[in-house]
Amino acid sequence: MTRTHDKVRYTPKGEPYTPISAAQGVEDALKVLEGRWKLIILFHLFGGKVLRFSDLERAIPAISQKMLVQQLRQMEADDVVRRTVYQQVPPKVEYRLTKWGQALCPALDGLLKWAELRERMSEKTERPSRDLKEAGTRS
């Protein structure tokens with residue numbers, strides 16, 4: 001079977017990404033995580049934690065109730081968070097990560113390590129200039 005064009009082809013699973021398919025995959029992943037508070041909420045739920053709405057409010061005091069509800073509902077729609085409502089008075093609602101949501105943990109650990117690397121690299125580049133200034137003041 002011949003191809004009509006080299007750039008138009010089906011990439012079966014297991015084959016390496018093309019620059020276009022990789023960019024699309026990253027864009028799709030970032031759509032799930034976009035929002036100022038989603039990553040913070042995720043970090044509070046990692047490790048199989050089950051938190052009530054009020055627990056999340058206390059854990060993230062800078063977020064408004066409205067924004068917390070919005071972010072949780074979006075993550076629930078994206079199948080990252082599971083919401084369990086108990087029929088009782090007062091109402092009890094719990095949030096936990098789905099298996100797919102928990103699978104984000106290694107990726108976010110990598111992001112944290114990358115951020116730490118930047119800090120270490122910037123500290124190393126700042127030291128020589130400090131050392132030169134200190135040496136100039138000593139003489």
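One-based numbering along the sequence shown.
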Residues that Gln102 engages under side chain to side chain donor-acceptor pair (under 3.5 Å), provided they are two or more places apart: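 With sequence neighbours excluded, Gln102 shows a side chain to side chain donor-acceptor pair (under 3.5 Å) to no residue whatsoever.
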Checking Asp79 now: which residues fulfil side chain to side chain donor-acceptor pair (under 3.5 Å) with it, not counting sequence neighbours?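 If we apply the side chain to side chain donor-acceptor pair (under 3.5 Å) test to Asp79, skipping adjacent residues, there are no hits.
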Throw together a table of side-chain donor-acceptor distances under 3.5 angstrom for residues 60-70, partners on residues two or more places apart or in other chains.
from	atom 1	to	atom 2	distance (Å)
Ser64	OG	Met67	N	3.1
Gln65	NE2	Glu57	OE2	3.0

Could you tell me which residues satisfy side chain to side chain contact (heavy atoms under 4.5 Å, CB included) with [X], sequence neighbours excluded, listed by chain and number?
{"X": "Glu27", "result": "Gln24, Lys31"}
{"X": "Val89", "result": "none"}
{"X": "Val80", "result": "Val32, Leu42, Met75, Asp78, Leu97, Trp100, Leu104"}
{"X": "Glu94", "result": "Val50, Arg52, Tyr86, Lys92, Arg96"}

Gap separating the CG atom of Leu56 from the OH atom of Tyr95, nearest 0.5 angstrom: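 Those atoms lie 8.0 Å apart.
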So how far is it from Leu39 CG to Leu108 CG, rounded to the nearest 0.5 Å?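 The CG atom of Leu39 sits 6.0 Å away from the CG atom of Leu108.
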So which pairs with a foot in residues 34-48 pass salt bridge (charged side-chain N to carboxylate O under 4.0 Å, His left out), sequence neighbours left out?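 Qualifying pairs: none.
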List, by chain and number, the other hydrophobic cluster members for Leu30, where Ile, Leu, Val, Met, Phe, Trp and Tyr join if side-chain heavy atoms come within less than 4.5 Å, directly or indirectly.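 Besides Leu30, the cluster holds Val26.
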Which pairs would a plain distance check flag for residues 111-121, meaning a side-chain donor or acceptor within less than 3.5 Å of a matching protein atom at least two apart in sequence or in another chain?
none

Could you list the residues that satisfy salt bridge (charged side-chain N to carboxylate O under 4.0 Å, His left out) with Asp109, not counting sequence neighbours?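 Listed in chain order: nothing, the list is empty.
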Restricting to pairs with a member in residues 22-71, which pass ring pair (Phe, Tyr, Trp, His ring centres under 6.0 Å), not counting sequence neighbours?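 Sorted result for residues 22-71: Phe43-Phe46.
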